[in-house]
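If you read the sequence from its start, that first residue is 1, and numbering goes on from there.
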Amino acid sequence: MSAKRSRTLDAFFSPPASKKARTEDSNTASISFANEDEKSPSKLSKHPTYPFALPQLPDEINEFLNFAPASEGRVIKEQSNLPDLDVVCYEPYVPKDIQRDLFEFLRRELFFYRVKYTIKRGPTETQINTPRYTTVFGVDATSRFSEDGEVVDSTTGRPVPNGTYKCKPRPIPQCLDHLRSLTESATGYKFNFALVNYYSTGDDSISYHSDDERFLGPEPAIASFTLGARRDFLLKHKPTPASHTSETKPLKFPLGPGDMILMKGLTQSRWLHSIPKRKTGEADRGRINITFRQAMVKGGTENYYRYNVGDGEVYKWDATRREMLPWYN
C-alpha cells in the first residue's frame, strides 16, 4: 500500500486502539494475540472449528472500509418488463484504494473446500462436484456464540444440547465480520451468515438458482460482493403459469472488483441468478464472492455447512504456485 494513502488517512484517524471483537449478540470469532511483541501484535480469529487461525484485516483496510459504500446504490425496481424485481447495485461498494488488497488478503488467508455430494431423484443418484471453492461462517437466529466461542441459545444464553446441530457451526472471523457490520448499517438488514465462493478460473461457475429456502424467511435480503476478476451476474424471471417458460432474455450485470448487489423483496421468490462460465477475459485471475444473509432456523445452518464445507479436505491459496492446494496440518 502506498505512503500516499496512509498520509491521506492520517488526517482523519488517530492510531486505532486495540480492541476485543464483539462477541455478544454476534457470530464473530473471539480475537487473541499470537505475538506478544507490542511493536507488531498479530491479532487472530481462532475457534476450535477452524482448521487454522485467521488474521484480522490490516488496519489500513479496516479504516478504508469505514468509507463504504464508495458510491450511491443504483435502485432497480419493478417495472412492466421487470416484474417483482427489487435490487440495489453499488458500483463500487468497497473503496477503490483497497479493492485489490482485500481480494488478495482473503484469497491468501481463508480456508476453502471443494464440496462433493450426492443428490437422489427417484432411483437415480447423481454425484455433484461443486464447480468452485466454498467456505461458510455463522449460525442461525435461534443460536449465537458465547464469549468463549460456544454455541448457545440466542434467548437463554445456555449451551445448546448435544446433537442440536449435525454440523459444527463456526463464528464469522473479523476479516469478514467488519464488512458484515458495515453492510448491516448501510442497508438496514441483519445478517448472521457469511458464505464465500472462490471462482479460480472461467470454468468455475454457479448455475441458475434462487436463494428462496424457507429458512431464509419470505422476503430475504442478500448482499453479494465481488472482489477480483469481473464476472457477469445474470438474472432472469422464473417461469409463470401464463408463459410456461423462463427463456426470456436475462438481465446482465458485469460486476467488477468492489461491486455489491443487494437482492431483496420478492427477488428471490420470483427471479433466478447465475454466474456462467467464461472462456475469455479476465476470469482466470480469480474472483471472490462474499454473500451475507440471515438464516432464521437451524435447518439453514445444516444446509449451509453441508453444501459449503461438507466432509472433504481443506484448501488454501499457494502464493508460489498461484493456485488453491490441499492444506495439511
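- The only member of His273, Gln268, Lys238, Arg270 that meets side chain to side chain donor-acceptor pair (under 3.5 Å) when paired with Ser210 is Lys238.
- Annotation: cation-pi pair Arg293/Phe193 absent, no NZ/CZ under 6.0 Å from the ring centroid and within 45° of its normal.
- Ion pairing between a basic and an acidic side chain is recognised when a charged N comes within 4.0 Å of a carboxylate O; Arg74 and Glu91 show such pairing.
- Judged by the 6.0 Å and 45° rule, Arg287 forms a cation-pi pair with Tyr199.
- One finds no salt bridge joining Asp203 and Arg278 here, because no Lys/Arg side-chain nitrogen approaches an Asp/Glu carboxylate oxygen to under 4.0 Å.
- One distance of note links CD of Glu213 with OH of Tyr304; it measures 5.5 Å at 0.5 Å rounding.
- The distance from atom CG of Asn62 to atom CG of Leu102, rounded to the nearest 0.5 Å, is 9.5 Å.
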* Asked: Could you go step by step and tell me if Asp140 and Thr301 meet the side-chain hydrogen bond (donor to acceptor under 3.5 Å, both in side chains) rule?
  -> CA-CA 6 Å; Asp140 63 89; Thr301 300; 2.6 Å; yes
* Show your reasoning for whether ring pair (Phe, Tyr, Trp, His ring centres under 6.0 Å) applies to Tyr113 and Tyr133. => CA-CA 5 Å; Tyr113 304 84; Tyr133 294 91; 10.0 Å; no
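- Gln174 contributes a side-chain N or O that, together with a main-chain N or O of Leu57, makes up a donor-acceptor pair within less than 3.5 Å.
- Below 30°, between 30° and 60°, or above 60°: for Phe67 and Phe64 the angle between ring planes is between 30° and 60°, a tilted geometry.
- The side-chain tip of Arg180 does not point at the ring of Phe292 from less than 6.0 angstrom away and within 45° of straight on.
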* Any chance you could lay out the side-chain hydrogen bond (donor to acceptor under 3.5 Å, both in side chains) test for Asp153 and Ser143, step after step, and finish with the verdict? => CA-CA 5 Å; Asp153 184 274; Ser143 301; 6.0 Å; no
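- Taken from CG in Leu195 to CG in Asn308, the straight-line distance is 4.5 Å, to the nearest 0.5 Å.
- In this structure, Arg108 fails the cation-pi test against Trp317, since its NZ or CZ atom is not both closer than 6.0 Å to the six-membered ring centre and inside 45 degrees of the ring normal.
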* To do: Start with the C-alpha distance between Val196 and Leu176, add both sets of side-chain angles, then the distance that settles side-chain contact (heavy atoms from CB on, under 4.5 Å), and finish with yes or no.
  => CA-CA 10 Å; Val196 185; Leu176 294 171; 3.9 Å; yes
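- Between the Asn197 side chain and the Ile288 main chain, no donor and acceptor come within less than 3.5 Å of each other.
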* Audit row: Tyr198, Thr134, side-chain hydrogen bond (donor to acceptor under 3.5 Å, both in side chains) steps and yes/no -> CA-CA 6 Å; Tyr198 176 62; Thr134 60; over 6 Å; no
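- In this structure, Lys316 is positioned above the aromatic face of Phe52, its NZ or CZ under 6.0 Å from the six-membered ring centre and within 45° of the axis.
- Ion pair Arg306/Glu302 not flagged as a salt bridge, since none of the NZ, NE, NH1 or NH2 atoms sits closer than 4.0 Å to an Asp/Glu carboxylate oxygen.
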